[in-house]
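Take a look at the structure set out below.
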Amino acid sequence: MRAKTKAIPAEDAACRILAAVRAIPKGQVAGYGEVARRAGLPGRARLVARLLGSNDDVRLPWHRVLRSDGRIAFPEGSEGYREQSARLREEGVVVERGRVRGLRATASLDDQLWGPMAG
DNA sequence: TTTGTGACCTAGG
DNA sequence: CCCTAGGCCACAA
């Protein structure tokens, strides 16, 4: 067996991830890694990102998925960035400086010092 | 085959 | 806030 042990077939993984994304309630958000965990695929945030990128389902609420620190994953000013911000605001989510508040509480001492004011 | 890339993450400094 | 290090992995060169 030269192949590595792939616990979960790609097809199932994709299915679970999409389900996890669809399960995010309107007006709420989740990080890529968090979605992966909910899908039973811890550590596979990149797969989530890749799936959203290649997704073609218009009903999929991809805009509710952010980076773990609450920031939008697209480069600032890009089309995806604006699109996602707009969609989130339409659901009542507060997006400011490309980031959603309240996703991750400041953890490290360093982060507390460099909090919202210092930026 | 190896290397580089990317809508990423966590733990640290 | 800025960085580095290591993990993750499908995909294209």
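Here the structure is a predicted model, which is why all the values come from computation and not from measurement. First the proteins, then the strands, lettered A, B, ... as listed; each starts at 1.
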Residue mapping more 5' on DNA chain C - nearest nucleotide basis, A:R99 or A:G43: A:R99

Euclidean distance, atom CG of residue A:L47 to atom P of B:dC9 [Å, nearest integer]: 13 Å

Whole-Å distance separating the CG atom of A:L41 from the C1' atom of C:dA10: 14 Å

Whole-Å C1' distance, B:dT1 and C:dC11: 15 Å

Distance in angstrom units between A:D12 CG and C:dA10 P, rounded: 14 Å

Length of the CD1-P vector between A:I17 and B:dC8, whole Å: 14 Å

Reading 5' to 3' through nucleotides 2-7 of chain B, protein heavy-atom contacts under 4.0 Å coded B for base, S for sugar-phosphate only, - for none: ----BB

Span that lies between the C1' atom of C:dA5 and that of B:dA7, in whole angstrom: 22 Å

Contacts of A:R38 that satisfy side chain to side chain contact (heavy atoms under 4.5 Å, CB included) - sequence neighbours left out: A:A20, A:I24, A:A30, A:E34

Whole-Å distance separating the CG atom of A:L113 from the P atom of C:dC2: 15 Å

Salt bridge (charged side-chain N to carboxylate O under 4.0 Å, His left out) against A:D56, all qualifying residues, sequence neighbours excluded: none

Residues that A:R87 engages under side-chain hydrogen bond (donor to acceptor under 3.5 Å, both in side chains), provided they are two or more places apart: A:E83

Rounded P spacing from C:dC1 to B:dC9 in Å: 14 Å

Any A:S68 side-chain N or O less than 4.0 Å from OP1/OP2 of B:dC9: yes

Sugar-phosphate only, base, or nothing, as touched by A:R82 at under 4.0 Å among non-hydrogen atoms: nothing

Any residue meeting side-chain hydrogen bond (donor to acceptor under 3.5 Å, both in side chains) with A:R50, in chain and number order, not counting sequence neighbours: none

Whether A:R71 side chain and A:V100 backbone form a donor-acceptor pair below 3.5 Å: no

Minimum-distance pair of heavy atoms, taken over all atoms of A:I72 and A:S85: CD1-OG, 3.3 Å

A:A49: partners by side chain to side chain contact (heavy atoms under 4.5 Å, CB included), with sequence neighbours left out: A:Y32

